Amino acid sequence: MRIIIAPAKKMVVDMDSFAVDNLPQFLERTERLKAALQAMTPKELQSLWKCNDAIAKLNVERLAHMDLRRNLTPAVIAYEGIQYRYMAPGVMEAVHLDYLREHLRILSGFYGLLRPFDGVSPYRLEMQAKLTVDGCRDLYQFWDDRMARQLAAETDTVLNLASKEYSRAVEPHLPEGVRFVTCSFGEWKGGKVVEKGTQCKMARGQMVRWMAERKIEDPENLRAFDQLGYCFHGELSAKNHYVFLKQSERSI
């Protein structure tokens, strides 16, 4: 089984906490994206990134001095979003980090498919960014089926804990024999499941940590997940779609 998650916009440099295991697998293609970004003006980059002046200035400086092979941070430590704070890899035991090494994969618009201890440099490039490279209209076309093929070479089951922006770079390209299971976290309101962005990120990170602590190998065992007030709801779930609702809101 492989667990896929989205990256985070905010990134940090930390070359001391953990050692880097490898360079990313698709680094040659990342170099092409880097070259395309470096050819753009600061104004064009800010428009692509859709960010304020301070964030644009920081990332223009990062891009100008970016080295994809030296002074790297393990990916799972480099990302600093809500999901990663709830996963809390920085305080995991070694055996749990080994679980992440084997099972966790991070989807990235810049790097493609990352293993948790692949070394990365801070960047800003969301999967939905309208960047044209090598005749490709966007990053979905640029990455095409590469991430899905790599996942399929590693496993026959993909657990999707990524946002739709990122999971759509994988799901349509998976071979028929690979099972794709998506988990949703929400509240029951107005006769339907309502998902809230921040709450979903918290739950996804917590689920990864919960899985690592229990060495989960079979998606069926996810039904026991009971963190942050969530509980599996069988009536709303399907074979490849598991729905978790806040326990106080399970009655439908």
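What you are looking at is a predicted structure, and each value in this text was computed from that prediction instead of being measured. Just so it is clear, the values below take in all heavy atoms, side chains as well, and ignore hydrogens, waters and symmetry mates.
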For [Y], is there any backbone N or O sitting under 3.5 Å from a side-chain donor or acceptor partner on [X]?
X: Q46; Y: C51; answer: yes
X: D14; Y: S17; answer: yes
X: E165; Y: Q128; answer: yes
X: D145; Y: A148; answer: no
X: T30; Y: F26; answer: yes
X: K34; Y: M66; answer: yes

Please answer: with hydrophobic residues joined when any side-chain heavy atoms are less than 4.5 Å apart, are [X] and [Y] in the same cluster?
X: I55; Y: M11; value: no
X: M92; Y: I106; value: yes
X: W49; Y: F110; value: yes
X: L139; Y: M40; value: yes
X: L100; Y: L23; value: yes

#### Entry: F244, F225, Y230 screened by ring pair (Phe, Tyr, Trp, His ring centres under 6.0 Å) with W210, the one that passes
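Single pass found, and it is F225.
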### Task
Using ring pair (Phe, Tyr, Trp, His ring centres under 6.0 Å) as the criterion, point out the one residue from Y123, W143, Y79 that pairs with Y111.
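Only one of Y123, W143, Y79 forms a ring pair (Phe, Tyr, Trp, His ring centres under 6.0 Å) with Y111, namely Y123.
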### Task
Show your reasoning for whether side-chain contact (heavy atoms from CB on, under 4.5 Å) applies to V181 and H241.
CA-CA 6 Å; V181 182; H241 183 199; over 6 Å; no
Indicate yes or no: at least one non-hydrogen side-chain atom of [X] is less than 4.5 angstrom from one of [Y].
X: K9; Y: E126; answer: yes
X: V95; Y: K215; answer: yes
X: F142; Y: T132; answer: no
X: L48; Y: L131; answer: yes
X: Y99; Y: I216; answer: yes

### Trace of the side-chain contact (heavy atoms from CB on, under 4.5 Å) decision for R149 with H173
CA-CA 8 Å; R149 282 194 286 111; H173 303 292; over 6 Å; no
### Query
Which residues satisfy the salt bridge (charged side-chain N to carboxylate O under 4.0 Å, His left out) test with R137, sequence neighbours excluded?
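Partners of R137 under the salt bridge (charged side-chain N to carboxylate O under 4.0 Å, His left out) test: none.
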Contact summary for [X] and [Y], nearest pair of heavy atoms:
X: V243; Y: S237; value: N-OG, 2.8 Å
X: V20; Y: N22; value: CG1-O, 3.3 Å
X: A169; Y: M147; value: CB-CE, 3.9 Å
X: L63; Y: Q38; value: O-NE2, 2.9 Å
X: F18; Y: P89; value: CZ-O, 3.9 Å
X: P122; Y: V12; value: CG-O, 4.4 Å

### Message
Determine whether E213 and H96 satisfy the following criterion, side-chain contact (heavy atoms from CB on, under 4.5 Å), listing intermediate values before the conclusion.
### Response
CA-CA 6 Å; E213 291 172 346; H96 302 149; 3.9 Å; yes
### Query
Is NZ or CZ of R223 both nearer than 6.0 Å to the six-membered ring centre of Y242 and within 45° of the ring axis?
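The answer is yes; both the distance and angle limits are met.
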### Cation-aromatic face contact R168/Y140, 6.0 Å, 45 degrees
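Relative to the ring axis of Y140, which defines the angle, R168 lies inside both limits.
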### Task
For the residue pair Y166 and E171, confirm or rule out a side-chain donor-acceptor distance under 3.5 Å.
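No, because no side-chain N or O of Y166 sits under 3.5 Å from a partner of the opposite role on E171.
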N/O donor to acceptor pairs below 3.5 angstrom from side-chain atoms of residues 156-163, sequence neighbours left out:
from	atom 1	to	atom 2	distance (Å)
N160	OD1	A162	N	3.0
N160	ND2	T182	OG1	3.0

### Query
Looking at residues at least two apart in the chain, or sitting in another chain, which of them share a side-chain hydrogen bond (donor to acceptor under 3.5 Å, both in side chains) with E217?
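side-chain hydrogen bond (donor to acceptor under 3.5 Å, both in side chains) list for E217, sorted by chain: H103.
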### Query
Around Y86, counting heavy atoms of other residues, nucleotides and ligands shown, do more than 12 lie under 6.0 Å from its OH?
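No, not enclosed.
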Got a second to check how far [X]'s [atom1] is from [Y]'s [atom2], nearest 0.5 Å?
X: R29; Y: D144; atom1: CZ; atom2: CG; value: 8.5 Å
X: S108; Y: L125; atom1: OG; atom2: CG; value: 7.5 Å
X: L222; Y: C183; atom1: CG; atom2: SG; value: 5.0 Å
X: L151; Y: R146; atom1: CG; atom2: CZ; value: 14.0 Å
X: M207; Y: I5; atom1: CE; atom2: CD1; value: 13.0 Å
X: F185; Y: Q227; atom1: CZ; atom2: CD; value: 10.5 Å

### Query
What pairs meet the side chain to side chain donor-acceptor pair (under 3.5 Å) rule with one or both residues in residues 112-122, with sequence neighbours excluded?
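Checked against side chain to side chain donor-acceptor pair (under 3.5 Å) - neighbours excluded - the pairs reaching residues 112-122 are R115-D118.
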### Task
Output every pair passing side chain to side chain donor-acceptor pair (under 3.5 Å) with a member in residues 56-70, not counting sequence neighbours, ordered by first then second residue.
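Found E31-R69, D67-R70.
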#### Entry: Qualifying salt bridge (Lys or Arg N to Asp or Glu O under 4.0 Å) pairs with a residue from residues 93-114, counting only residues at least two apart or across chains
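Sorted pair list: R2-E102, D21-R101, D98-R101, R105-E154.
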### Query
Hey, is E80 close enough to R85 for a salt bridge, meaning N to O under 4.0 Å?
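No, no charged N to carboxylate O under 4.0 Å.
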### Query
Can you check side-chain contact (heavy atoms from CB on, under 4.5 Å) on N71 and M15, steps first, answer last?
CA-CA 7 Å; N71 301 320; M15 294 177 283; 3.6 Å; yes
